[in-house]
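Computed from a predicted model, the values in this text were never measured in an experiment. First the proteins, then the strands, lettered A, B, ... as listed; each starts at 1.
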Amino acid sequence: MIKLTPMEKKYSPKDIEQKWQRNWEGLFVSKEDPNKKKYYCLEMFPYPSGRIHMGHVRNYVIGDVIARYKIMNGYSVIHPIGWDAFGMPAENAAIEKGIHPAKWTYENIASMKAQIKKLGLSYDWSREIATCDEDYYKWNQWLFLKMYEKGIAYKKKSFVNWCPSCETVLANEQVDDGKCWRCDSIVKQKELEQWFFKITDYAEELLSYTDKLTGWPENVLMMQRNWIGKSTGAEIDFKIAGTDEKITVFTTRQDTIFGATFMSIAAEHPMVKVLIKGKNTEKDVMKFVEKVMQEDKLTRTGEGTEKEGIFTGAYAINPFTKKEIPIWIGNFVLMEYGTGSVMAVPCHDARDFAFAKKYNLPLQLVIQNPEKTLSVDTMKDAYVDDGFLVNSGEFNNLSSLEAKEKIADELEKNGIGKRCINYRLRDWGISRQRYWGTPIPMLYCNQCGIVPVPEKDLPVRLPKDVAFTGKGGSPLLDSKDFLNVKCPKCKGDARRETDTMDTFVDSSWYFLRYTSPKYNDKPFDFEKAGYWMPVDQYIGGIEHAVLHLLYSRFFTKVVRDLGLIKIDEPFTNLLTQGMVCKETLRCPEHGWLFSEDVKDDKCRLCEKGVEKGRVEKMSKSKKNVIDPDKLIDTYGADTVRLFSLFAAPPEKDLEWSDQGVDGAWRFLNRVWSLVVKYSSEIKDAKAKIEVAKLNDNEKALYRKTHQTIKKVTEDIERDFHFNTAIAAMMELVNEILGSGEKERVKAEVLKAALETLIILLSPFAPHICDELWLLLENKGSVINIAWPQYNANAIKAEEMLIVIQINGKVRGRVNLPAGTAEEDIKKTALADTKTKEWISGKDIKKIIVVQNKLVNIVV
RNA sequence: GCGAGAGUGGCGGAAUUGGCAGACGCGCUAGACUUAGGAUCUAGUGGGCAACCGUGGGGGUUCAACUCCCCCCUCUCGCACCA
């Protein structure tokens, strides 16, 4: 322990923050304590880009207040941090600057760690992990092998989203508006052999548990539900006229089957070739198919894309009407969804309606609108709502709902179809043609085929001697040492898998590894994970609403089914913090400007007037960024923390304001000088307060102290509304300043007020609080002090301000003892001189009294 | 188009169960201290001279509406040929 001497004169964060950060070393190491309730507080771990940004700061500070608050409330708290350390930027740095990805990554980790440490966060650094450590990625490989054994990891040839710039595949959810989520290149379709995780096996559970995640924001759950995209319907077989072949369609509207007047199938559908063979349409159809398949997915499924199709020349037979219906190929039909073929019901599907109108295909009304009778000749749009059935034989007059069931029964009875559930969710493709990731532990043997690497041979290490050219696929292909191995089964020549895993694999279970970061036998210790999991509070950006959070939920369930843990869901409560935003500045000549390049609304370079742009998310390209490191150097971590927490509630966007930071700085200075001013006076004051002996001024301060405890506690408990909690502490400071000036206050009352303030403020601004705590000759860190309880009697005011309303408008105010009876309040209100003026000459119709609050006289 | 959320002073934001709209902070105004002030302290600060008017707009319920109900507008986010 370092010798601590308090500094009294000026608030100098630079000195006290370093001192306390050194003093806190080891203070936040967590241990499983069976006698305490546990609390797992987790912020999404960062990618080690090299520098932290304000988004990180906000994220970690929110988590830190929660962790510190829970510690002070007697919980056994785990609050770990680590590094999401695999990924492309490291490899790009290797290509551009010739630095090895490992060197680049570990150097970045070191510099970011130093920056993060300056914030004074309560992390248990002994649990730090980096996913690029072989101690970590070994367990990615181990989990992969277990998943392979269970058939959850499998390989298939498929069309994949290919980013030509990253030279790698992307999962569907990593494609954003047809572009790569990382580099914005247009994504192309490519056929490749890829490793997949069978997340679709868990689609139903992932969906149904969204109803149980009551601690998650509704919008995130909704995004996940949309992503999983469950739809209930039926598969129906349509015979192809004049053959023994059939085409199966998926529909959610089997009640409209009598209205199916044609069929649309995907260009990729395997039946296309069969249907057109030998027909005179063959050439034209193939031309069309090729054209459609060349189009990338973005334009093909884009909003403005015209629906196009071509008649194959073949007919299917509607199994209910027995009529022959033409089979068309539609550019809008997707092979990946359902069966790649659609029964087209133009009267009751907007898309089919447009298609039928364009190509002059027949319409058949089968659902009648009970509100307003429809007729085929006058319909301008499809009627897509439910109704009752017409032109549907034995099913006429049934409601859509009833008909869905009856027709499904009929399909199953006749063996021409079955009830069916479809999901939009696809399996998760995890292969990446990159170096800086976890090698997939598989071998290709000339004799035995695909062979998993035996568990004892893990980890499959990344080779060091690799050239990074940025060309020609994975650098691992060039490493002979890596590539060539002996088959563990037949000892013959084999070749390693060169694909590495998507980095989302790393982040799908890191929260489990934190519970036993050095464990050697398994990915994590069953007992320890059992103690700490699930994460009680997870905090991170909304951008991970689908990707990371869905994968983590999936992994948790897989790991549960492997018997490694007992819980079903990883994160009990989720807080999605808002973005950190700032005003943008633009010079007509020099483009985006940093705020320091602007003086008096003019560009420093050319003196031209600067346009103030929208408030937008901080981004380097728009130059509306604030460097947290510089800010900490100027104001200290406590000010930065306080402002980040005060400017907005955590779930909302935070607008950065330099003046706002000054405000936080001033507040801390006021706290500092207040405590310094009274420190000698209150040091030796007794702890006990005899409430009965206090004068009014003292009682008011005593009451405010306890009201503040109540307010701050409740605001933290109520969805972490730190902004109002801080406002309450500012009020207390104003009250202390006020009471001190008015008249002398007994030392013990002042002491209680100031010490309470320090304790309540300590999770928010821990350095200054520990320093002031020391100044008052207390021992150790405030983190060891129990969170205060408020005295329910103390917060009750003896006198209440009663508002007098006349016809609902405030006309006067009067002080009355708390708990004054309704009758007495009425009397007092009516006796009030101002009231008399307002009601003179009018009839009193009614008087409403709300105890301790108001009286409303209706005239 | 569908779904979710939001709209309150010059600005960020409060108002937790229908009960004083604007807490707290920023900014602004005046004053004090000062060689100086972009430091600090004190006072004031929704609009209007006033009656009064004010929570995106219009209706409604109520003694009382930022809060509840109906209609509309705007913005943000997510999804979007999903059969």
Rounded P spacing from B/G59 to B/C66 in Å
15 Å
Proximity to RNA chain B (any heavy atom under 4.0 Å), residues of residues 722-730 of chain A only
A/Asn723, A/Thr724, A/Ala727, A/Met730
Are A/Ser657 and B/G25 close enough that a side-chain N or O sits under 4.0 Å from OP1 or OP2?
no
On the nucleotide B/C53, are OP1 or OP2 found under 4.0 Å from the side-chain N or O atoms that A/Lys809 carries?
yes
What is the distance, to the nearest angstrom, from the [atom1] atom on [X] to the [atom2] atom on [N]?
{"X": "A/Lys826", "N": "B/C63", "atom1": "NZ", "atom2": "C1'", "result": "12 Å"}
{"X": "A/Lys582", "N": "B/C11", "atom1": "NZ", "atom2": "P", "result": "18 Å"}
{"X": "A/Glu655", "N": "B/G13", "atom1": "CD", "atom2": "P", "result": "7 Å"}
{"X": "A/Gln659", "N": "B/C26", "atom1": "CD", "atom2": "C1'", "result": "7 Å"}
{"X": "A/Asp658", "N": "B/G38", "atom1": "CG", "atom2": "C1'", "result": "13 Å"}

Atom CG of A/Leu549 and atom CH2 of A/Trp227: how far apart are they, to the nearest 0.5 Å?
14.0 Å
Just to verify, what does A/Ala725 make a side-chain contact (heavy atoms from CB on, under 4.5 Å) with, not counting sequence neighbours?
A/Val712, A/Asp715, A/Phe764
All side-chain contact (heavy atoms from CB on, under 4.5 Å) counterparts of A/Thr584, not counting sequence neighbours
A/Trp592, A/Glu616, A/Lys622, A/Asn624
A/Arg553 side chain vs A/Leu206 backbone, donor-acceptor pair below 3.5 Å
yes
